[in-house]
2 protein chains.
Amino acid sequence: MANKENRPLPSIDEYLPHIAYDLVIFGFNGKSLKILLLEYDNTSFFALPGGFIKRDENVDDAVKRGLEERTGLKNIFLEQFYTFGNVERPKPEVMRTILEANGFDPKDGHWLLDRFISIAHYALINFDEVNPKPDRLSKSINWYSIDDLPSLMMDHKAIVLKALNVLRNNLENKLVGINLLPDKFTMKELQMVYETVLGEKLRRTTFQRKMLNKDILTRHEKLFTGGAHKAPYLYSFKEH
Amino acid sequence: MANKENRPLPSIDEYLPHIAYDLVIFGFNGKSLKILLLEYDNTSFFALPGGFIKRDENVDDAVKRGLEERTGLKNIFLEQFYTFGNVERPKPEVMRTILEANGFDPKDGHWLLDRFISIAHYALINFDEVNPKPDRLSKSINWYSIDDLPSLMMDHKAIVLKALNVLRNNLENKLVGINLLPDKFTMKELQMVYETVLGEKLRRTTFQRKMLNKDILTRHEKLFTGGAHKAPYLYSFKEH
DNA sequence: TATTATTGTCTCATTTTGTTACAATAATAC
DNA sequence: GTATTATTGTAACAAAATGAGACAATAATA
């Protein structure tokens with residue numbers, strides 16, 4: 001089976017059946033937290049980037065591969081957070097529509113139309129360094145703010161919400177800022193990351209004291225740009 | 001294919017291939033934290049209880065089913081904590097040995113000898129209420145203290161360690177004590193649970209104050225039994 | 001009846017966090 | 001140039017949480 005451009009669908013010989021992964025890729029643009037979503041051609045579905053596991057491939061490696069294909073980035077912070085395994089979660093009609101819109105005509109019972117469990121991961125990346133590339137089945141891939149998401153296919157909304165929950169709980173432990181900010185940043189920017197992830201305002205002085213006391217930041221020269229006010233220091237994270 | 005007693009192996013028609021679950025079932029006997037392990041007949045392998053997912057069954061339900069079959073208990077605290085998906089984790093020789101020791105003779109390429117990913121869960125149960133029943137492939141199921149485990153098959157040791165880690169991180173959030181203690185318990189018993197899970201000693205007075213301030217405990221009559229000393233109160237957890 | 005070990009609570013020291021205040025200062029307006 | 005403005009870094013004190021020790025109460029035992 002192949003589409004007009006004669007590119008075949010993933011073959012059951014190459015991939016494990018019934019097992020997929022989905023990616024919630026978080027980025028931060030200085031104001032709000034965003035995730036990458038695919039839009040499929042000729043359909044109204046938005047979806048998380050995802051993929052399948054090769055028969056001789058670690059799940060972790062498959063996910064890294066998928067992330068690199070879409071963002072061009074390696075060595076990204078990536079964490080598995082839940083495996084979604086309800087019977088009703090896959091929607092064969094949805095998959096069929098997507099495939100047909102792309103010139104394929106999968107037979108009933110094709111493995112891609114069967115039941116899938118999905119091992120969901122989230123990634124944290126620096127917004128500015130990313131140049132996302134669409135899937136070969138999707139017409140676009142774009143950033144969407146998490147408090148203004150379009151409607152998502154299947155259970156992808158639930159996957160995003162769960163990811164956000166886990167991210168919030170991991171905020172202190174996992175040094176989330178390292179992965180969402182450029183190398184050097186101001187205290188204000190760091191605080192914005194925390195506030196945006198948590199979804200609440202933090203007290204400036206307390207936040208600043210806490211971060212400085214943690215002994216995880218290096219202070220650099222001051223940044224002589226910005227507004228009509230005292231210039232902030234730049235900081236970077238210490239080497240672990 | 002069937003063994004001497006003519007019980008067939010699980011059929012590929014009924015179960016999803018390549019997907020299994022494993023259970024780390026924690027219990028507490030007043031002194032140490034224990035987990036349930038299976039011992040296979042004619043082999044030296046100890047293993048976590050596990051199972052497969054039916055084709056029309058939610059993963060969660062499959063796991064609940066497995067837990068109930070082994071402990072007789074329903075409505076147990078159960079949490080998925082990680083999906084193990086490395087290529088090298090399944091050991092077909094090990095599975096073959098177990099099956100052969102039980103009178104089966106699986107052909108090469110049999111689905112049970114193929115690659116599996118495992119969705120691992122941990123359960124917290126009250127030690128005293130459990131009457132574990134062995135698998136039909138295993139000769140025994142018993143409690144083993146987590147600081148004195150026998151050697152485990154495949155990557156099951158890593159699964160246990162990961163479970164323990166997650167449990168420790170969830171200790172404050174998940175009210176672990178509710179599930180590991182009987183309905184009524186003393187402050188000392190509650191402290192023992194925390195100490196055993198954390199693997200460290202806690203200060204008695206601070207622990208007591210913190211627990212009482214949380215407003216999660218109901219105090220009952222005193223318990224007039226025990227040692228040559230003042231009798232402790234009994235406590236229970238408040239309804240949600 | 002005295003002894004013993006453990007429990008529940010109190011007190012005070014220490015640490016952490018919340019809150020307010022204020023001097024320093026880079027850009028802008030004049 | 002000089003005053004104005006908004007933001008930054010930090011100090012100071014208040015309030016809350018935690019650490020550490022002391023002690024009276026008391027159920028079982030000797």
Side-chain angles (χ1 to χ4, degrees), chain A residues 28-31 168-169 171-173 175-177 181-238, chain B residues 28-32 168-169 171-173 175 177 181-238:
Chain A
F28 180 73
N29 73 343
K31 282 186 190 159
R168 280 177 183 160
N169 287 331
L171 188 56
E172 295 303 324
N173 262 324
L175 290 185
V176 167
L181 289 169
D183 283 354
K184 293 188 180 180
F185 47 87
T186 65
M187 190 60 75
K188 173 113 195 157
E189 287 173 315
L190 183 59
Q191 186 176 343
M192 281 296 294
V193 170
Y194 274 73
E195 288 183 341
T196 313
V197 170
L198 289 175
E200 62 181 281
K201 285 279 167 199
L202 300 176
R203 202 159 287 276
R204 183 180 66 90
T205 52
T206 310
F207 180 81
Q208 181 137 343
R209 179 176 49 194
K210 206 147 88 180
M211 284 298 147
L212 292 177
N213 282 347
K214 270 180 195 240
D215 196 41
I216 53 171
L217 297 179
T218 305
R219 179 178 282 181
H220 300 275
E221 76 288 359
K222 288 202 174 189
L223 174 70
F224 280 67
T225 68
H229 52 73
K230 181 173 176 178
Y233 288 105
L234 287 178
Y235 299 87
S236 64
F237 286 98
K238 282 188 181 165
Chain B
F28 180 72
N29 73 343
K31 282 185 191 159
S32 76
R168 280 178 183 158
N169 287 332
L171 188 57
E172 295 304 322
N173 263 326
L175 290 185
L181 289 169
D183 282 355
K184 293 186 179 180
F185 48 86
T186 65
M187 191 59 77
K188 173 109 194 160
E189 288 173 315
L190 183 58
Q191 187 177 342
M192 281 296 295
V193 170
Y194 274 72
E195 289 183 341
T196 313
V197 170
L198 289 176
E200 61 180 285
K201 285 280 167 200
L202 301 175
R203 201 160 287 276
R204 184 180 65 91
T205 51
T206 310
F207 180 82
Q208 182 136 343
R209 178 176 51 194
K210 206 146 89 178
M211 284 297 146
L212 292 176
N213 282 348
K214 272 179 193 238
D215 196 40
I216 54 171
L217 297 178
T218 307
R219 178 178 283 181
H220 300 275
E221 76 290 358
K222 288 200 176 191
L223 175 69
F224 280 66
T225 68
H229 52 75
K230 180 172 177 179
Y233 289 104
L234 287 178
Y235 299 88
S236 64
F237 287 98
K238 284 187 178 166

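We name chains A, B, ... by the order of the sequence lines, and we start the count at 1 in each one. Excluded from the calculations below are hydrogen atoms, water molecules and symmetry mates; all remaining heavy atoms, backbone and side chain alike, are included.
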For the residue pair B/F207 and B/Y194, does the interplanar ring angle fall in the parallel (under 30°), tilted (30 to 60°) or perpendicular (over 60°) class?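 The arrangement is perpendicular - the two ring planes meet at more than 60°.
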Heavy-atom count around A/N169 CG within 6.0 Å, excluding the residue itself: above 12?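 It does: A/N169 CG has more than 12 such atoms within range.
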Over 12 foreign heavy atoms within 6.0 Å of CG, B/N29: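 Enclosed.
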Boundaries of the DNA chain D segment in contact with chain B, non-hydrogen, under 4.0 Å: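 Counting from the 5' end, contacts occupy D/dT18 to D/dA28.
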Please report the distance, rounded to the nearest Å, between [atom1] in [X] and [atom2] in [N].
X	N	atom1	atom2	answer
A/L212	C/dT17	CG	C1'	15 Å
B/L234	C/dT7	CG	P	12 Å
A/R203	C/dG18	CZ	C1'	6 Å

Stepwise side-chain contact (heavy atoms from CB on, under 4.5 Å) check, B/K184 with B/E221: CA-CA 10 Å; B/K184 293 186 179 180; B/E221 76 290 358; 3.9 Å; yes
So which nucleotide from C/dA21, C/dT19, C/dG8 ends up closest to the side chain of A/T206?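 Nearest nucleotide to the side chain: C/dT19.
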Base C/dG8 to side chain B/R209, donor-acceptor N/O within 3.5 Å cut-off: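 No pair found.
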Represent DNA chain D in dot-bracket notation, 5' to 3'. Only Watson-Crick or G-U wobble pairs with both distances under 3.5 Å count; pseudoknot-style crossings use [ ] and interstrand partners use |. ||||||||||||||||||||||||||||||
Base, sugar-phosphate or nothing for B/T186? Non-hydrogen atoms, less than 4.0 Å. nothing
